[in-house]
Amino acid sequence: MASLGLAIIPVARASDLEAQAKAKSDQLQNQPVIQSLAAHTRKRWEVAQSSKRDLEERMLQCLRQRSGEYDPDVAAQIKRQGGSNIFMNITSVKCRAATSWLRDTLLGNGSDKPWALDATPEPTLPPDVVASLQGQMQQELMTMMQNGMQTPSQEQLREIALRMKDAAMRAQKEEAEERVDRMELKMEDQLIEGGWTDALDEFLDDIVTFPYAVLKGPVKRKRKTLQWQGGELVPVEEIRNEWERVDPFMLYWAPWAWQINDGFVIERHKLTRDDLQALLDVPGYNNDAIRTVLAEFSGGGLKEWLWADSSKATAEGKDTTYAVNSEDLVDAIQLWDTVPGKDLLEWGMTEEEIPDAAMSYPCEVWLIGNTVIRAVLNYDPLGRKPYYVTSYESIPGSVAGKGVADLCRDTQAMCNSAARALANNMGISSGPQVGVNVSRLPPGEDITEMYPWKIWQFQSSEFNDGSQPLQFFQPGSNANELMAVFDKFSARADEDTMIPRYMTGENTPGAGRTSSGLSMLISNAGKGIKQVITNIDHNVIVPAIERLYQDNLRYSKDPDLIGDVKCVARGASSLVVKEAEAIRRNEFLQLVLNSPVAQQIVGMDGAAELLRDAAKNLNGNVDRIVPDRPTMSTIQQQQQVIAQLQQQLAMMAGEMQGAGPAAGAAPMQPKNMLPDGSQVGGRESNMMVNRVAS
């Protein structure tokens, strides 16, 4: 990883640590390349911040809508008109149902993974492994020729070569599958320790709420862990890959970008002192610059508060005084961009670092206030950003799409209008309205109180007419019409969001009253959610797992993990075929176990594989239930040796029974006696069988 002059500089003495760090940081920040990078980052930040204004307003609408709050202008209008301000939160119900559906599909019961590694159809193994397999085949051919067999003809050599090639391909595939299993186990452990499950869980909650959701990783961070050393548990620091959900409000991108990797990307961070300290000694970060920021942490001037911060905190029910203006947080801007080589050369970089001025070079810059704490090149061989963005409903040509809140905004507004009108109408029509002729009431009479058996006092009319002092009339109720409007648009929300109400357990008339009919309805509804899962698979899970796999290939020290594999997403397929596959697998397993012909065709290896797959769903240790492949191979070899030995012993016993003593021949040995004097079935013979079998 090439660094733009931000190498980590060790500090000589701890007594003047802060002063030395400040001096070195000032010297570094005054370099032309660093100042130019800071100015470039500020310029990009202003463009991204301005272009996202309308999208941030829509995101705030989504957040308020799921929280059951009206937008400020709508709330003010309702307040002016008076009456009920009820909010029928259909959006929250749909979001919870969609999140639950996605979690069940992608996360399952915790033991299922939404991804897998598979060997390619023609796996490419490391050269040493291929050379070893070729050597084994050549040795086999030489052994055949040394045993006195005649020189094979051209046709025979071709057949032998094809047979050797098939055997080599099978061996390569088996070796590749074993490497895939080892790599998959290692990556699963890395994902669990790096917070993948929690990050994906929060990501799914964002994708149904906002126009887009963001997952980030792998990010290398220094963490403290407990390890056994010298027989005791001691705290140690290690740098490991981590995964996290990125707040959609904190990610910005180029206005012209169609995808997240088409232009620059900026992530805004809110860091605590502990977050900054965790960056110390991490490759690529400058310790002196970080220590300078820590020294000025409480001095102000390091904050980039936006108008959306206070609005977001209010929508989330937080106190803006502490959630936004806290002195315990500092803003950091992380820029991922490609900078032209000619600009880097003008800013002070050398031609060795920038060999081609006409090319653009990917860079990553961290800016806190006016201090650059990180500036590196070549963070990824392919120039990718560690962000994975997708939407509940994608829009071609746009990074942001639509979420559940966007899709049902109009139906939510209509349901709210119908509910407010219904509440107002029910309140008005719940009792009689009263008309009062105030001229017939005596002075001081309170017309706002009405209760049973109240005595009213009246006086004569000023005009000596027969007008009534009180008139009662009953306003009409429009509850049925308003309820029909509410039900109509509530049902429309099912179609808009592709989340039918029977997915939340609500009774459904018609076909939904039977188990088979409900199953058919759920299957049809799954076609809509399948598209959402496909978006997550293609845009998030597959590239994220591939990124981690390639990171292991670059930095792993275990050569047995290297192999030619491809990442496969299971999300969309599991929604449709997971249960069907389990049923078909069990049916095939019963066929193999109950049919002698099928057992001969499949063999012990095939039966063991079927049993191993079935045992994976038991949440137990599969290796303790079904032996692994090497153990099964050893057992088969032992059984073959024992079977061959028993056949030889039987043939020898039959020959001794059928042959009589010939003239001059040696005395016939007993039927149960071998030429070396051991008895068939005796202790010596059994010992020999055991030795051969072992």
Side-chain angles (χ1 to χ4, degrees), residues 44-80 85 87-92 94-95 98 202-203 205-214 245-260 263-270 303-321 323-325 331 333 387 389-417 493 496-497:
R44 291 298 203 192
W45 165 242
E46 292 174 359
V47 172
Q49 177 185 353
S50 175
S51 63
K52 197 183 175 184
R53 185 65 180 265
D54 294 339
L55 180 59
E56 284 181 332
E57 180 60 42
R58 184 155 66 96
M59 293 165 62
L60 288 172
Q61 288 181 334
C62 295
L63 185 59
R64 298 191 197 101
Q65 187 174 328
R66 181 167 184 180
S67 301
E69 299 180 3
Y70 287 104
D71 293 333
D73 55 341
V74 178
Q77 184 179 1
I78 294 174
K79 186 176 181 180
R80 287 195 301 268
N85 63 347
F87 193 104
M88 302 301 296
N89 206 344
I90 299 175
T91 303
S92 180
K94 298 299 182 184
C95 288
E202 297 173 357
F203 169 87
D205 195 71
D206 282 343
I207 198 174
V208 301
T209 305
F210 299 107
Y212 63 94
V214 187
R245 161 257 184 187
V246 177
D247 188 346
F249 284 93
M250 307 296 279
L251 189 72
Y252 301 78
W253 56 84
W256 57 84
W258 288 13
Q259 296 179 358
I260 197 65
F264 69 85
V265 175
I266 294 179
E267 182 183 358
R268 187 166 65 99
H269 299 267
K270 291 182 180 293
K303 297 178 175 60
E304 295 286 344
W305 306 125
L306 300 180
W307 69 275
D309 288 344
S310 58
S311 300
K312 179 174 179 291
T314 302
E316 293 175 344
K318 299 178 181 178
D319 188 347
T320 57
T321 303
V324 177
N325 299 319
D331 269 13
I333 299 175
Y387 301 97
V389 181
T390 192
S391 305
Y392 188 86
E393 182 180 286
S394 299
I395 298 178
S398 175
V399 176
K402 293 183 179 180
V404 174
D406 288 319
L407 296 174
C408 66
R409 178 162 293 132
D410 292 338
T411 53
Q412 177 71 77
M414 289 300 299
C415 288
N416 285 339
S417 299
D496 293 341
T497 61

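From a predicted model like this one, the values you see are computed outputs, not experimental measurements. We number each residue from 1, following the sequence as shown.
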Discussion item. Testing the 3.5 Å rule here: is there a donor-acceptor pair between the side chains of Asp73 and Gln77?
Written reply: no

Closest approach of [X] and [Y], non-hydrogen atoms and distance?
X	Y	answer
Ala257	Val399	O-CG2, 3.8 Å
Arg409	Arg58	NH2-O, 3.9 Å
Phe203	Arg245	N-CG, 4.2 Å

Worksheet item: When you check the gap from the basic side-chain N to the acidic O, do Arg66 and Asp205 get nearer than 4.0 Å?
Response: yes

[X] side, atom [atom1]; [Y] side, atom [atom2] - distance, nearest 0.5 Å:
X	Y	atom1	atom2	answer
Arg44	Ile266	CZ	CD1	8.0 Å
Ile395	Tyr212	CD1	OH	13.0 Å
Gln61	Gln412	CD	CD	12.5 Å
Asp406	Thr91	CG	OG1	10.0 Å
Leu407	Lys94	CG	NZ	12.0 Å
Asp206	Tyr392	CG	OH	15.0 Å

Worksheet item: Between Ile78 and Phe87, does a side-chain contact (heavy atoms from CB on, under 4.5 Å) hold up when you go through it step by step?
Response: CA-CA 12 Å; Ile78 294 174; Phe87 193 104; over 6 Å; no

Are the side chain of [X] and the backbone of [Y] linked by a donor-acceptor contact shorter than 3.5 Å?
X	Y	answer
Ser417	Ala413	yes
Asn89	Ser92	yes
Ser51	Ala48	yes
Ser398	Ala400	yes
Gln65	Ala405	yes

With a 4.5 Å cut-off on side-chain heavy atoms, are [Y] and [X] touching?
X	Y	value
Leu63	Met59	no
Trp253	Val389	no
Lys270	Met250	yes

Worksheet item: Can you check side-chain contact (heavy atoms from CB on, under 4.5 Å) on Leu251 and Ile260, steps first, answer last?
Response: CA-CA 10 Å; Leu251 189 72; Ile260 197 65; 4.2 Å; yes

Discussion item. Walk me through whether Ile90 and Thr411 qualify under side-chain contact (heavy atoms from CB on, under 4.5 Å).
Written reply: CA-CA 9 Å; Ile90 299 175; Thr411 53; over 6 Å; no

Practice prompt. Please lay out, stage by stage, how Ile333 and Tyr252 fare under the test side-chain contact (heavy atoms from CB on, under 4.5 Å).
Written response: CA-CA 10 Å; Ile333 299 175; Tyr252 301 78; over 6 Å; no

Item to complete: Quickly, which of Pro248, Pro211, Cys95 forms a side-chain contact (heavy atoms from CB on, under 4.5 Å) with Cys62? Name it, please.
Response: Pro211

